[in-house]
Amino acid sequence: MAGSPRWKTVLFDLDGTLINTIPLIVATFHRTFEHFGVQAPDDEVMKSWIGLTLEDTFRPVAGEDAADEWVAVYRKFNQEMHDDAVAPFPGVDQVLADLEAAGCTVGVVTAKLPEMARRGLRVCGLPELSPLVGNGDVERHKPAPDPVLKALELVGVEPTGGPGGAVYVGDAPTDIQAGNAAGVDTVGVTWGAATREQIDAAHPGQVATSMAELHKILLPGG
């Protein structure tokens, strides 16, 4: 049973929230650092970058002048490995289907390029959600509120939480920070890149530790 939606507009982060791209992202970081002959940091450090744009990630590492080259190399490696290395998190298809059946607007706000976000959804057999706001669609990205606000603007929804309002669901502190800054409700999930402690430190409205728990938060009584 789908249940009644707590929010009419539900926006999701993509990587680490809807689809499991974490191993792919970490492997791509390793290949990129190896390509440039630079020692890669620990995996946990690289996981903490997930949620930022690649430009914001590589600028402190490579410097302003070389950041674009690092981004291009990363994207080349990532696209080569992508389709064989991504999968939906178990149960996410049912959550999306029940939200749609309940009449919710369901969208994606991600730091990756829109075309790669759509590719990830397609490869994972998930619907092409709309609105979809990605890298390049706004000037400032997460943790700034701009991408969340842009998604709401595209569907004509005011940036408010509460019953009938909007919520942003994500696995990274930057997701929670962006949603809070935008004035919508936030739900952190613990199956992605960040630890529970990192999620809690960003002050989400609620935290889901399983897909079933997320379903109950989004669709009470379902």
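Keep in mind that what you see is a predicted model, and the values were worked out from it rather than measured.
Atoms CG and CG, from D13 and L18 in turn, are 7.5 Å apart once rounded to the nearest 0.5 Å. In this structure, OH in Y168 is found 11.0 Å from CG in L152, a value given to the nearest 0.5 Å. The OG1 atom of T110 sits 5.0 Å away from atom CG of D15, with the distance rounded to the nearest 0.5 Å. Considering CG of D43 and CD1 of I22, their distance stands at 11.5 Å, rounded to 0.5 Å. Taking OG1 of T21 as the reference point, atom CD1 of I50 lies at 6.5 Å (rounded to 0.5 Å). The structure places CE of M81 at 10.0 Å from NZ of K76, a figure rounded to the nearest 0.5 Å.
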- When you look at W49 and T174, which way does the side-chain contact (heavy atoms from CB on, under 4.5 Å) test go after all the steps? CA-CA 9 Å; W49 297 338; T174 51; over 6 Å; no
- Run the numbers on F29 and W70 for ring pair (Phe, Tyr, Trp, His ring centres under 6.0 Å), then give the verdict. CA-CA 10 Å; F29 278 135; W70 280 61; 9.6 Å; no
- For side-chain contact (heavy atoms from CB on, under 4.5 Å), just list the numbers for F89 and V189, CA-CA rounded to whole Å, side-chain angles, deciding distance to a tenth of an Å, and then say yes or no. CA-CA 12 Å; F89 286 106; V189 302; over 6 Å; no
- Show your working on side-chain contact (heavy atoms from CB on, under 4.5 Å) between V157 and K8 and close with a plain yes or no. CA-CA 10 Å; V157 173; K8 292 298 291 181; over 6 Å; no
- Message: Go through it in stages, so that I can follow the logic: the residues are R6 and Q206, the test is side-chain contact (heavy atoms from CB on, under 4.5 Å), and I'd like the CA-CA distance, side-chain angles, deciding distance and then a yes or no.
- Response: CA-CA 13 Å; R6 180 167 284 155; Q206 298 185 67; 3.5 Å; yes
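Here the closest heavy-atom approach between residue A182 and residue P159 is recorded as O-CB, 3.3 Å. For the residue pair A111 and H141, the shortest heavy atom distance occurs at CA-CE1, 3.7 Å. Contact detail for A178 and A144: the closest heavy-atom pair is CB-O, 3.4 Å. When all heavy atoms are compared, the tightest approach of A40 to H30 is CB-ND1, 3.9 Å.
Under a 3.5 Å cut-off, the side chain of W191 and the backbone N or O of T17 do form a donor-acceptor pair. Between the side chain of T28 and the main chain of F77, no donor-acceptor pair closer than 3.5 Å is present. For N20 (side chain) and A87 (main-chain N/O), no donor-acceptor pair under 3.5 Å exists by modelled atom type.
When hydrophobic clusters are built by joining Ile, Leu, Val, Met, Phe, Trp and Tyr residues whose side-chain heavy atoms come closer than 4.5 Å, directly or via intermediates, L218 is not grouped with I176. Cluster annotation: V92 is connected to V167 through the hydrophobic network of ILVMFWY side chains, with a link wherever side-chain heavy atoms come within less than 4.5 Å. Criterion: ILVMFWY side-chain heavy atoms under 4.5 Å apart, direct or through other members. Under it, M46 and L52 are not part of a common hydrophobic cluster. No chain of hydrophobic side-chain contacts below 4.5 Å, direct or via other Ile, Leu, Val, Met, Phe, Trp or Tyr residues, connects V109 to L54. Criterion: ILVMFWY side-chain heavy atoms under 4.5 Å apart, direct or through other members. Under it, I25 and F58 are part of a common hydrophobic cluster.
Applying the salt bridge (Lys or Arg N to Asp or Glu O under 4.0 Å) definition to pairs two or more places apart or across chains, those involving residues 172-194 are K142-D175. Counting only residues at least two apart or in different chains, side-chain hydrogen bond (donor to acceptor under 3.5 Å, both in side chains) contacts with residues 131-140 comprise E55-N135, R140-D146.
Put simply, the side chain of I217 reaches to within 4.5 Å of the side chain of W7, judged on heavy atoms. No side-chain heavy atom of Q198 sits under 4.5 Å from any side-chain heavy atom of K47. Residues V106 and F12 form a side-chain contact, since some pair of their non-hydrogen atoms from C-beta on lies under 4.5 Å apart.
Through side-chain heavy atoms spaced under 4.5 Å, either directly or across other Ile, Leu, Val, Met, Phe, Trp or Tyr residues, V207 is tied to I199.
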List the atom pairs, with distances to 0.1 Å, where a side-chain N or O of residues 116-134 and a protein N or O form a donor-acceptor pair under 3.5 Å, not counting sequence neighbours.
unit_1: R118; atom_1: NE; unit_2: E128; atom_2: OE2; d: 3.4
unit_1: R119; atom_1: NE; unit_2: D83; atom_2: OD1; d: 2.9
unit_1: R119; atom_1: NH2; unit_2: Q79; atom_2: O; d: 3.2
unit_1: R119; atom_1: NH2; unit_2: D83; atom_2: OD1; d: 3.2

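Every residue meeting the side-chain hydrogen bond (donor to acceptor under 3.5 Å, both in side chains) condition with T186, not counting sequence neighbours, appears here in chain and number order: N180. Shown here are the salt bridge (charged side-chain N to carboxylate O under 4.0 Å, His left out) partners of K150, two or more places apart in sequence or in another chain: there are none.
Shown here is E115, whose CD atom has more than 12 heavy atoms of other residues, nucleotides or ligands within 6.0 Å.
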